[in-house]
Number of protein chains: 2
Amino acid sequence: MKQITIKDVADAAGVSKATASRVLSGHPATSQEARKAVEAAAGRLGFRPNAQARSLRKTRTQTIGLLLPDVRNPFFGDLAHAVEQRARSFGYMTLFGNANENVAQQDEYIDVMLSQRVDGVIAAPQGDGGNLDQLLRSGVPVVFVDRVLDTMEVPSVSPDNSTGIHDAVKHLTARGHRRIGYIAGPQSTSTGRERLRSYKEALAATGADTDAELIFLGDFQAASGAEGARTLLDLPNPPTALLAADSLMSIGAVGVCNERGIAIGPDLAFVAHDDIDAFNLINPPLTVIAHDIDAMGRLAVDMLMSVIGGGSPASNTIPGRLIVRGSTPEFEKERQS
Amino acid sequence: MKQITIKDVADAAGVSKATASRVLSGHPATSQEARKAVEAAAGRLGFRPNAQARSLRKTRTQTIGLLLPDVRNPFFGDLAHAVEQRARSFGYMTLFGNANENVAQQDEYIDVMLSQRVDGVIAAPQGDGGNLDQLLRSGVPVVFVDRVLDTMEVPSVSPDNSTGIHDAVKHLTARGHRRIGYIAGPQSTSTGRERLRSYKEALAATGADTDAELIFLGDFQAASGAEGARTLLDLPNPPTALLAADSLMSIGAVGVCNERGIAIGPDLAFVAHDDIDAFNLINPPLTVIAHDIDAMGRLAVDMLMSVIGGGSPASNTIPGRLIVRGSTPEFEKERQS
DNA sequence: CATACTCATGGAATCGATTCCATGGAATCG
DNA sequence: CGATTCCATGGAATCGATTCCATGAGTATG
């Protein structure tokens with residue numbers, strides 16, 4: 001199957017390659033007849049310009065790279081969708097790279113994206129160093145999303161990791177909880193660190209118990225959420241409320257509660273992160289700390305477009321909001337052994 | 001920031017472009033010294049070959065396209081992940097296209113993929129016609145996944161849409177249900193059609209009620225699942241069990257039950273499709289009809305590689321399996337008004 | 001009427017890598 | 001030792017589109 005080139009179109013239209021190219025890319029210096037002939041020929045032959053050849057000549061590929069930990073995580077799935085749709089509206093394709101929570105794979109994808117000469121990259125970075133340095137030094141426009149590396153000066157869109165957690169802790173203490181367990185994210189990520197700090201600040205501010213044993217360090221994966229729930233519930237003096245730092249760990253933790261016959265709500269208050277569909281299906285539905293993921297994705301693309309255009313946009317924060325649902329009812333003292 | 005080309009590497013190594021290229025692409029006819037010099041120069045300069053230029057000369061791009069309805073659907077999220085990981089192991093990048101349940105966007109992405117000269121496409125097609133025809137006529141290797149278009153001869157990997165549903169209906173009737181409502185998928189998709197047919201066959205085989213009013217036609221989206229649940233539960237003689245044809249509609253339907261205070265399990269038996277995390281969190285966890293999504297994704301890639309290599313693999317079916325959980329307990333007759 | 005100017009056009013150069021082909025030196029064989 | 005083969009190498013062509021530049025036709029201006 002021979003591919004049709006612009007030469008074929010030009011021949012069919014009786015003009016030169018140059019004229020054909022001008023017509024097809026909307027250059028003003030073209031005559032009525034040339035336009036008609038070329039467009040007709042292109043349509044008839046089903047001409048599809050070779051993107052490789054075009055990108056080689058221009059230095060733009062109309063493609064951005066999106067580097068995420070894992071699309072199976074609903075948070076990043078939604079983010080991927082938002083970014084892709086927004087990029088599309090600017091005429092850009094999105095090249096996804098699933099780092100798969102793995103620095104080596106992230107490096108590999110950075111390599112591919114640089115080879116592909118993407119016009120920009122939106123990344124939720126893991127670990128600093130490796131090819132991430134090269135990416136930044138390469139001069140390719142980069143915007144960080146969800147996570148930040150403070151070793152690197154890069155415009156970013158991150159969730160507000162403070163307000164939501166403060167509100168959640170305030171809410172829980174107002175409902176009578178003093179022992180609030182926390183399943184934290186990895187301290188190698190800014191999101192993990194900031195949320196843990198906010199939790200500690202909030203405990204101090206509200207006067208709730210601050211035992212170090214109430215904190216479990218997870219890795220943003222479901223399995224570690226499950227482990228965290230087990231560890232915290234097995235404490236001699238277990239928490240009466242749990243707060244988890246992301247959706248996957250929340251899923252793991254809720255699973256453990258179900259296994260053990262612990263009724264979320266009456267037996268144990270629970271606050272999850274991210275307002276994903278599933279949390280609304282659980283009975284009672286979960287109280288969550290939510291961020292507008294769509295806005296985050298859109299904003300990241302807008303900022304990247306600005307950087308590509310030569311601007312240097314300021315970093316942004318997406319506000320976090322506590323959505324109170326059935327999983328955090330009034331705490332009944334008498335239930336405490 | 002000037003990009004480093006192979007010319008720069010060649011100059012730095014004191015050889016010609018041709019030799020540099022041979023060394024870097026592992027051509028056998030190279031001397032020890034040339035190899036050392038070129039590799040050192042390439043490393044020192046941080047040379048990254050321009051994928052556009054390479055693809056232009058070779059006719060391979062080492063890229064496949066993946067055309068899906070929506071990555072936010074956990075089923076397709078998992079599928080995307082499986083495909084991407086498998087493709088990576090073959091040294092291929094995956095270019096995602098989110099058709100967003102929208103034929104126009106699908107067409108747009110097919111266009112881009114053809115322009116990008118992807119080496120092959122894995123697609124869960126929606127609607128026949130449009131650019132899908134052009135894609136197939138273009139000679140680019142294509143494999144269908146999840147869905148099939150019977151107007152087109154294309155190797156495919158599809159779920160077994162019969163066994164699981166038959167088992168589910170058998171299971172429900174064995175537990176005493178006679179009125180089994182069905183929230184069907186769109187009849188424009190093979191998956192939607194086949195599952196509905198299986199449901200009807202299974203009803204006939206088990207002697208359960210076959211009223212047409214027990215069937216609601218949805219569109220594989222959460223909202224239509226909710227609408228389906230409302231419609232079916234509002235029947236004068238409502239079903240005692242519900243079966244939904246995909247995960248999103250299941251989510252919608254479960255949401256309606258929660259809203260109305262209908263206890264899944266005791267009040268209404270429920271069988272969902274796809275074994276996604278969320279269904280295990282619901283209390284009681286949902287009985288589901290599951291397919292091995294990972295296997296589906298891997299097989300699709302393997303088949304595409306075969307087509308690219310000139311083979312014509314036979315189509316495959318991934319077995320469906322009923323996983324019985326708490327949402328389908330024994331039906332208690334006395335509950336029926 | 002001559003000069004300047006606009007404007008569509010085609011030829012040729014270009015982007016960066018791969019690959020064909022010719023060349024020259026070393027190794028091998030009778 | 002001469003003829004043949006082998007092999008690393010560099011020059012040049014190539015992939016398909018865009019774009020610079022020169023050209024010539026047509027129009028406006030003094």
Side-chain angles (χ1 to χ4, degrees), chain A residues 1-39 41-42 45-63 111-112 114-119 138 140, chain B residues 1-39 41-42 45-63 111-112 114-119 138 140:
Chain A
M1 196 79 175
K2 200 193 145 290
Q3 287 287 355
I4 294 146
T5 73
I6 201 167
K7 180 80 168 45
D8 302 324
V9 174
D11 290 351
V15 298
S16 71
K17 278 181 5 176
T19 303
S21 170
R22 276 186 282 256
V23 168
L24 293 171
S25 51
H27 189 97
T30 50
S31 69
Q32 186 69 38
E33 311 105 82
R35 247 171 291 154
K36 270 217 322 235
V38 171
E39 271 156 16
L45 297 174
F47 171 65
R48 236 172 269 273
N50 182 319
Q52 264 76 38
R54 165 179 291 171
S55 310
L56 181 58
R57 184 63 235 255
K58 306 194 164 201
T59 29
R60 291 293 197 82
T61 52
Q62 296 296 320
T63 302
D111 219 63
V112 173
L114 286 174
S115 271
Q116 293 287 339
R117 302 292 192 265
V118 293
D119 293 339
S138 75
V140 173
Chain B
M1 197 80 176
K2 202 194 144 285
Q3 287 287 353
I4 293 145
T5 74
I6 201 168
K7 180 81 169 40
D8 302 322
V9 174
D11 289 350
V15 299
S16 71
K17 280 181 5 177
T19 302
S21 169
R22 275 186 283 255
V23 168
L24 293 171
S25 51
H27 189 98
T30 49
S31 69
Q32 185 70 37
E33 314 105 80
R35 247 171 291 154
K36 270 218 317 237
V38 171
E39 272 156 15
L45 297 174
F47 171 64
R48 238 172 266 274
N50 182 317
Q52 265 77 38
R54 165 178 290 170
S55 309
L56 181 58
R57 183 63 235 252
K58 307 191 162 202
T59 30
R60 292 291 198 85
T61 52
Q62 296 296 320
T63 301
D111 220 63
V112 172
L114 286 173
S115 271
Q116 292 288 340
R117 302 293 193 265
V118 293
D119 293 340
S138 73
V140 173

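Lettering of chains follows the sequences in order, A, B, ..., and the numbering in each one begins at 1.
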field: Spacing of CZ belonging to A:Arg22 relative to NZ belonging to A:Lys17, to within rounding of 0.5 Å
entry: 12.0 Å

statement: Between A:Thr30 and A:Arg35 the two heavy atoms that sit nearest each other are O-NH2, 2.9 Å

query: With sugar-phosphate meaning primed atoms plus P, OP1 and OP2, does A:Ala34 contact a base, only sugar-phosphate, or nothing at under 4.0 Å between heavy atoms?
result: sugar-phosphate

Positional range of nucleotides in DNA chain C within the contact set of chain B, heavy-atom, under 4.0 Å: C:dG16 to C:dC20

- request: Write down the atom of A:Val9, the atom of A:Ala42, and the distance for their closest heavy-atom approach.
  value: CG1-N, 3.9 Å

query: Mapping A:Leu56 and B:Ala29 to their closest nucleotides on DNA chain D, which lands nearer the 5' end?
result: B:Ala29

message: What's A:Ser21 touching, base or sugar-phosphate or nothing? Going by heavy atoms closer than 4.0 Å.
response: base

- prompt: Does B:Ala20 or A:Glu33 map to a spot on DNA chain C nearer the 5' end, using the closest nucleotide for each?
  reply: A:Glu33

- prompt: In a check of side-chain contact (heavy atoms from CB on, under 4.5 Å) between B:Ser21 and each of B:Val38, B:Ile6, B:Val15, which one passes?
  reply: B:Ile6

statement: Closest non-hydrogen atoms of A:Arg117 and B:Pro49, given as atom of the first, atom of the second and distance, are NH1-O, 3.8 Å

query: Within the distance-only criterion (no hydrogens, no angle test), does the side chain of B:Asp8 pair as donor or acceptor with the backbone N or O of B:Thr5 below 3.5 angstrom?
result: yes

Stem list, DNA chain C (Watson-Crick or G-U pairing under 3.5 Å, at least 3 consecutive pairs): C:1-30 with D:1-30

- line: Whichever of B:Thr19 and B:Arg117 has the more 5' nearest nucleotide on DNA chain D, that residue is B:Thr19

message: Using modelled atom types and a 3.5 Å cut-off, is there a donor and acceptor pairing between side-chain atoms of B:Asp119 and backbone atoms of B:Thr61?
response: yes

